[in-house]
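Hydrogens, waters and symmetry mates are skipped; everything else that's a heavy atom, side chains included, is used.
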Amino acid sequence: MNSRNKNDLSELSSLGNKTLYRDDYAPEVLETFENMHPERDYFVKFNCPEFTSLCPKTGQPDFATIYISYVPGKRMVESKSLKLYLFSFRNHGDFHEDCVNIIMDDLIALMDPKYIEVWGKFTPRGGISIDPYCNYGKKGTMWEDVARDRLVHHDMYPENVTAR
């Protein structure tokens with residue numbers, strides 16, 4: 001059992017305080033806390049079904065569900081700060097592929113996870129949906145091999161997109 005006091009969340013500044021919603025890309029709102037089980041490998045998954053960003057060419061809104069799965073190292077992302085971070089893309093203009101890679105890069109820099117993957121399931125525009133996927137496994141660990149294998153075998157059974 002970890003000796004850290006489970007009620008000591010003083011390092012988190014946005015949790016429990018009045019929420020300020022940024023209207024520009026804001027990676028600085030992301031916060032972490034100590035992983036209580038760093039000796040164990042396990043997945044943490046976030047689903048954000050209301051992600052929005054802007055097309056960098058037309059300025060039109062793009063809507064997606066963003067799936068983030070990661071195996072934490074010593075630090076974990078705090079969920080409210082993640083929500084505020086993802087919300088900060090609302091007026092941010094980038095292509096779908098860029099959004100998921102930016103999200104993954106920011107979370108790697110923040111937490112230094114053992115493994116992470118980000119998948120964007122964007123609603124169709126012009127009759128085509130775009131669903132970019134990216135992942136990362138920590139170099140020199142088994143997670144580097146897992147990342148390569150998951151990427152190679154990713155989405156072998158594509159879904160029927162009629163429900164979006």
Side-chain angles (χ1 to χ4, degrees), residues 14-15 18-33 41-73 75-139 141-164:
S14 66
L15 190 61
K18 184 174 169 128
T19 302
L20 172 65
Y21 290 97
R22 299 284 303 266
D23 62 0
D24 58 336
Y25 167 68
E28 65 275 6
V29 302
L30 287 166
E31 295 183 333
T32 65
F33 62 94
D41 289 344
Y42 60 98
F43 271 96
V44 176
K45 184 173 183 180
F46 293 101
N47 303 315
C48 177
E50 298 176 349
F51 179 85
T52 59
S53 61
L54 298 178
C55 174
K57 293 294 186 185
T58 66
Q60 293 182 340
D62 291 316
F63 302 91
T65 297
I66 300 291
Y67 298 97
I68 301 167
S69 295
Y70 73 100
V71 177
R75 306 293 298 171
M76 300 176 70
V77 66
E78 192 278 318
S79 62
K80 182 176 180 183
S81 76
L82 179 62
K83 176 184 79 166
L84 295 173
Y85 165 74
L86 293 172
F87 184 83
S88 80
F89 278 82
R90 184 178 185 94
N91 293 319
H92 180 75
D94 252 327
F95 292 114
H96 304 340
E97 299 86 352
D98 296 324
C99 287
V100 299
N101 277 282
I102 289 167
I103 291 166
M104 187 179 76
D105 289 344
D106 286 344
L107 291 173
I108 291 169
L110 178 76
M111 299 184 294
D112 190 26
K114 296 175 185 178
Y115 175 83
I116 188 168
E117 59 188 30
V118 180
W119 193 353
K121 301 273 210 154
F122 286 81
T123 56
R125 280 220 280 117
I128 294 178
S129 66
I130 301 173
D131 297 342
Y133 170 89
C134 57
N135 72 4
Y136 159 85
K138 189 171 225 163
K139 304 272 187 260
T141 71
M142 70 172 224
W143 294 105
E144 184 177 21
D145 297 331
V146 169
R148 185 175 22 263
D149 187 60
R150 285 178 75 102
L151 185 63
V152 169
H153 295 101
H154 171 72
D155 210 16
M156 291 182 66
Y157 303 100
E159 66 183 311
N160 183 344
V161 186
T162 59
R164 284 195 254 160

Taking side chain as C-beta onward, heavy atoms only, is [X] less than 4.5 Å from [Y]?
X	Y	answer
D149	H153	yes
P132	F95	no
H154	W119	yes

Donor-acceptor pair, side chain of [X] and main chain of [Y], under 3.5 angstrom:
X	Y	result
S129	P124	no
S88	A26	yes
N101	E97	yes
R90	S53	no

Please report the interatomic distance [atom1]([X]) to [atom2]([Y]), rounded to the nearest 0.5 Å.
X	Y	atom1	atom2	value
Y136	L151	OH	CG	15.0 Å
E78	K83	CD	NZ	9.5 Å
D94	D62	CG	CG	10.5 Å
N47	I66	CG	CD1	10.5 Å

- request: Check whether more than 12 heavy atoms from other residues, nucleotides or ligands sit under 6.0 Å from atom CD of E50, and answer yes or no.
  value: no
task: Taking atom CZ of R125 as the centre, report whether more than 12 heavy atoms of other residues, nucleotides or ligands fall under 6.0 Å from it.
output: yes
message: Please confirm whether the ring centroid of F46 lies under 6.0 Å from the ring centroid of Y67.
response: no
- prompt: Between F89 and Y25, does the ring centroid distance fall short of 6.0 Å?
  reply: yes
message: I need the minimum non-hydrogen distance between V71 and P113, along with the two atoms involved.
response: O-CB, 3.5 Å
statement: Test side chain to side chain contact (heavy atoms under 4.5 Å, CB included), reference I116, set I108, V77, N135, I103, output is I108
- request: Return yes if a side-chain donor-acceptor contact under 3.5 Å exists between E117 and Y70, otherwise no.
  value: no
field: Residues K138, D112: salt bridge by 4.0 Å N-O rule
entry: yes
